[in-house]
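Everything below concerns the one structure shown next.
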Amino acid sequence: MNSERVWGRAKALCFLAAVALGLYLALKMLPCPTLWRFMNRQNSTRFYDRNQILLYVLPLENGLRREYVPLKKIPRQLIEEFIAAEDKNFYRHCGIDIASVVRAAMQNRRAGRLVSGASTITMQLVRMLYPRKTRQVTVPLKMLEMLRALYLEIKLSKNQILELYLNSVPFGFQLEGLGSAARAFYGVNLFSLTEAQMQELAKIPRRPAKYAPQKTYVYQKKCPHFVNYVVAQFAQQHKRIPDELCLSVDSVLVERTEKNIQKKLDEYHDARVHNGAALVMNNRTGQILVWVGNASFEDKEHSGEIDGVLVRNQPGSSMKPFLYALALERGFAPNSVLPDIQQDYGGSQVYVPLNFNNRYNGPVRFRVALASSLNIPAVYVLYQVGLDEYLATLASLHFDSLHGQRGTTGLSLALGSGEVTLYEMVRAFSVFVRDGIVFDSLVFTADSVGAGNKNIPNTHRVFEADTARILCSMLSDGGARELGFGHAAVFATPYPALFKTGTSNQFQNIIAMGSTSEYTAGVWMGNFEGETVIRQTGSSIPAAIVRDLLDILTEESGAQDFGQPEHFEKQTVCALSGMAITDACAAMAQEYVLKPGSYKSVGVQPLQSCAWHSKKNGAVRIHYPSEYQHWASTKNIAGDIAKTDSELSFVYPINHAVFVYDLSIPQQAQMLSVEVVGGSEQAATLFADGQRVGIARGRFVWQIPLTRGTHELTVQCGQEQKSIEYSVR
């Protein structure tokens, strides 16, 4: 009988144990959305630069700061101070301290009111998970909190509970967690706390207004525009920002750049230069090293919070290298000669490009036209390669800002009239020193440092390597730059570097770009209001800041020579015609020409002997192609005009040009200049709408009245005939 009783009790105990175990496992595995959301809350991110210098602690909603610190990184003494102050039996109970509950009940009964709550650390954490909706504490509410504490002890380990509590405990003053409290009250991290500070910190949560010391720490925000950009990137990707994030920037270099920009802004304040921005990237890793959205984030008067790196502005001539690179891949050669002469381009409107100094230089070698930033040759190149082709190339360079701007730019896009960001400019400009390959995005974290560069972003090829290397040669050529800029000391670096500057049409923007083998830098200056910059300002202002950045970076890491093109070699060419020199050529230059036997898919012809110079009886004569006849005649330049080297064609107006009739100007004053080149004879006859206008000899130029309507022009030269149409609105 006794044995049956014992056996029955044993079975009952086993059953109860099985039920308890099953209940425990069920509760352990049961999802708890409230706990999951609490544990995955966004904490205040600590942003560091690449050298572990603290940049900023990101506030949460309503300015709350909650820095999360893993338990293993919290000093053991500080943990023990909190356990002693809040729950000395923490490691010996299951969420409810029975002895404390009994003691608290007796104290409350003797006092006739609530004087002790017997709350454990686990129960305090429960109240953070499930905040009380009323200040009145009832027995049922207390029992519910105890049950939740038991459940929490099943779901989490003791260390997990302690870590979550210490990082969530409120300290008042919009502070939660030990990390934020130590920084705000004492201006230090947890391991820099003194013993007295630890003891004081453990008392503050009981009554912050009474125990908290006066806050002395001011939260700084270094690299503010860059931090805002990083936060926005995580928001766009719907990702949670890590509790700690090491960014790619060098904050010391950022601060130096901010000061340099501010110095220039102060110097040119009266010229309405109020804002400036800078961006520097590592050409090998794609990391952003410097990001300055404005000299001062706090400059309320001039909208300092706006990020100039991301603002769309006209980059002016700094865009030209992309056009010239495309030209090299669409039939032009490095030794090509471009016309820097008066040219008009018709279409939906008449476009007359001018050089910045209103001068015409006649035939100009490709290298000089680019390095000296001449406008007319650039428009000529764009007209030849095609606007859509150029826009497609810019799209492949990730100039996303240009989407939808085709109808507002036209051929002026050759001069940088489209609005783009400094971010897009710097990334695209690095394509030359990167052998024609561009990054799809830039890196804003320092993760790839020391990690085998595993986090380098995706790339794709835009230009052939030879094209990029030839562009590097041209943009680093001080001699070729002389025609447009003279001997500018700012570009005379002791290390290999290429530069390009730009100024927008109304001088709202001045920009400079620079690259070494290792880094690419860009600086924009102007004003966010879009006001015209006044007085004598120019792109040398931002160029000086670019130079300073490259000087510092090159001193630290050095700079390699730019690569030489594989299929081209330097040869001596005629400085005027770009062709192989003869004994009649007076000036010579070194230029890349296609190597004999090398394959080039598009358009580049073998080098031919100069046909522009000839020598007879010891005297040298120059034979200019017919397209230069007007320019040569106005310059009093000694030389013949080659009349038989090109077909008969209209220089002005071009076919389908559209002109506007101005009612405010007398009719007799509105004349259209017609210019024709080429032909096999010395005389040509012009017909307007079938009526004979007259004969021109030598120079084929006529003046005809400008009348509204659609008209036809026909020129007859010997057996050749050419016709075009134009209209006047």
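Quick note: residue numbers are just sequence positions, from 1. The figures here come from the full heavy-atom set of this structure, side chains too, leaving out hydrogens, waters and symmetry mates. None of these values were measured; they are calculated from a predicted model.
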Discussion item. Taking E518's backbone N and O only, do any of them form a donor-acceptor pair with T516's side chain (distance below 3.5 Å, no angle check)?
Written reply: yes
Practice prompt. Check for a donor-acceptor pair, side chain of N62 on one end and backbone N or O of L64 on the other, with a separation under 3.5 Å.
Written response: no
Practice prompt. Return the minimal non-hydrogen interatomic distance between D307 and G293, and the atom names on each side.
Written response: OD1-CA, 3.2 Å
Practice prompt. Determine, step by step, whether V249 and L55 satisfy the side-chain contact (heavy atoms from CB on, under 4.5 Å) criterion, reporting the C-alpha distance in whole Å, the side-chain angles of both residues, the deciding distance to 0.1 Å, and the verdict.
Written response: CA-CA 10 Å; V249 291; L55 302 177; 4.1 Å; yes
Discussion item. Could you check whether atom CD of Q237 has more than 12 heavy atoms from other residues, nucleotides or ligands sitting under 6.0 Å from it?
Written reply: yes
Item to complete: Would you mind reporting whether V69 and R46 have side-chain heavy atoms less than 4.5 Å apart?
Response: yes
Worksheet item: Residues two or more places apart in sequence or in another chain: which of them pass salt bridge (Lys or Arg N to Asp or Glu O under 4.0 Å) with E80?
Response: R76
Worksheet item: How long is the gap from CE on M198 to OG1 on T194, to the nearest 0.5 Å?
Response: 7.5 Å
Worksheet item: What distance separates R434 CZ from M281 CE, expressed to the nearest 0.5 Å?
Response: 6.5 Å
Worksheet item: Rounded to the nearest 0.5 Å, how far does CG of L166 lie from CG of L178?
Response: 5.0 Å
Practice prompt. Go through the structure and list residues passing salt bridge (Lys or Arg N to Asp or Glu O under 4.0 Å) with E200, not counting sequence neighbours.
Written response: none
Worksheet entry | From H93, E145, K88, E86, residue fulfilling side chain to side chain contact (heavy atoms under 4.5 Å, CB included) relative to T120 | H93
Discussion item. The criterion is salt bridge (Lys or Arg N to Asp or Glu O under 4.0 Å); which residues satisfy it with D243, sequence neighbours excluded?
Written reply: R240
Response to the item:
Residue set satisfying ring pair (Phe, Tyr, Trp, His ring centres under 6.0 Å) with Y495, at least two apart, ordered chain then number -> none
Practice prompt. Please work out whether the ring planes of Y165 and F82 are parallel, tilted or perpendicular, with thresholds of 30° and 60°.
Written response: perpendicular
With a cut-off of 3.5 Å and sequence neighbours excluded, list every side-chain donor-acceptor pair involving residues 520-530.
unit_1	atom_1	unit_2	atom_2	d
T520	OG1	N283	OD1	2.8
T520	OG1	S515	OG	2.7
W524	NE1	N509	OD1	2.9
N527	OD1	E529	N	3.4
N527	OD1	G530	N	2.8
N527	OD1	E531	N	2.7
N527	ND2	R272	O	2.9
N527	ND2	E531	O	3.1

Practice prompt. Check side chain to side chain donor-acceptor pair (under 3.5 Å) between N167 and all other residues, then give those that pass, not counting sequence neighbours.
Written response: none
Worksheet item: Can you tell me if NZ on K300 sees more than 12 non-hydrogen neighbours from other groups inside 6.0 Å?
Response: yes
Worksheet item: Quick one: does N189's side chain have a donor or acceptor within less than 3.5 Å of a partner on F191's backbone?
Response: yes
Item to complete: Decide salt bridge (charged side-chain N to carboxylate O under 4.0 Å, His left out) for R312 and E424; before the verdict, give the C-alpha distance in whole Å, the side-chain angles of both, and the deciding distance to 0.1 Å.
Response: CA-CA 10 Å; R312 298 196 315 180; E424 292 169 327; over 6 Å; no
Discussion item. Angle between ring planes, H269 versus H274, binned at 30° and 60°: parallel, tilted or perpendicular?
Written reply: tilted
Discussion item. Distance alone, cut at 3.5 Å: any donor-acceptor contact between the side chains of E163 and N159?
Written reply: no
Fill in: Euclidean distance, S248 OG relative to F226 CZ, rounded to 0.5 Å
4.0 Å
Discussion item. Using only atom types and a distance under 3.5 Å, with no angle test, would you say the side chain of E244 pairs donor to acceptor with the backbone of T45?
Written reply: no
Fill in: Exam field: side chain T445 to backbone C246, donor-acceptor pair closer than 3.5 Å
no
Discussion item. List the residues meeting ring pair (Phe, Tyr, Trp, His ring centres under 6.0 Å) with Y519, not counting sequence neighbours, and say none if there are none.
Written reply: none
Item to complete: List in chain and number order the residues that pass salt bridge (Lys or Arg N to Asp or Glu O under 4.0 Å) with D49, two or more places apart in sequence or in another chain; answer none if no residue qualifies.
Response: none
Practice prompt. Looking only at non-hydrogen atoms, find the nearest pair between G95 and A149 and report the distance.
Written response: O-CB, 3.7 Å
Item to complete: Verify, without hydrogens or angle tests, whether R66 (side chain) and G179 (backbone) share a donor-acceptor contact under 3.5 angstrom.
Response: no
Worksheet entry | Worked verdict on L54 versus K222 for side-chain contact (heavy atoms from CB on, under 4.5 Å) | CA-CA 8 Å; L54 181 66; K222 298 180 180 180; over 6 Å; no
Worksheet item: Taking it one step at a time, do L175 and F185 satisfy side-chain contact (heavy atoms from CB on, under 4.5 Å)?
Response: CA-CA 10 Å; L175 300 170; F185 293 132; 3.8 Å; yes
Worksheet item: Is E258 close to I261 at the side-chain level, that is, under 4.5 Å between some pair of heavy atoms?
Response: no
Worksheet item: Under 3.5 Å, is there a donor-acceptor pair between the R41 and S168 side chains?
Response: yes
Discussion item. Give me the atom names and distance for the closest heavy-atom approach of R65 to L58.
Written reply: CG-O, 4.5 Å
Worksheet entry | Euclidean distance, I511 CD1 relative to Q314 CD, rounded to 0.5 Å | 11.5 Å
Worksheet entry | Residue pair S441 / R427: nearest heavy atoms and the distance that separates them | CA-NH1, 3.6 Å
Practice prompt. State, to 0.1 Å, how close F439 and N282 come at their nearest heavy-atom pair, and which atoms those are.
Written response: CE1-O, 4.2 Å
Worksheet item: What ring-ring contact (aromatic ring centres under 6.0 Å, His included) pairs are there with at least one residue in residues 203-222, not counting sequence neighbours?
Response: Y217-Y219
Discussion item. R127 vs S119, test: side-chain hydrogen bond (donor to acceptor under 3.5 Å, both in side chains). Steps then yes/no.
Written reply: CA-CA 10 Å; R127 288 199 293 273; S119 291; 2.9 Å; yes
Worksheet item: Does the E153 side chain pair with the main chain of T122, one donor and one acceptor, at a distance under 3.5 Å?
Response: no
Worksheet item: For E419, which residues count as a side chain to side chain donor-acceptor pair (under 3.5 Å) partner, sequence neighbours excluded?
Response: none
Item to complete: List the steps and the verdict of side-chain contact (heavy atoms from CB on, under 4.5 Å) for V280 and D250.
Response: CA-CA 10 Å; V280 180; D250 183 330; over 6 Å; no
Fill in: Residues which pass side chain to side chain donor-acceptor pair (under 3.5 Å) with N275, listed by chain and number, not counting sequence neighbours
N294
Worksheet item: Distance only, no hydrogens: is a donor on one side chain within 3.5 Å (strictly under) of an acceptor on the other, for N260 and D548?
Response: yes
Worksheet item: Is there a donor-acceptor pair closer than 3.5 Å between any side-chain N or O of D87 and the backbone N or O of I121?
Response: yes
Worksheet item: For the side chain of S396 and the backbone of V462, is there at least one donor-acceptor N/O pair under 3.5 Å apart?
Response: no
Fill in: L253 and R50, any side-chain heavy atoms less than 4.5 Å apart
no
Worksheet entry | Y229: partners by side chain to side chain donor-acceptor pair (under 3.5 Å), with sequence neighbours left out | none
Worksheet entry | N/O donor-acceptor pair under 3.5 Å between H302 side chain and V273 backbone | no
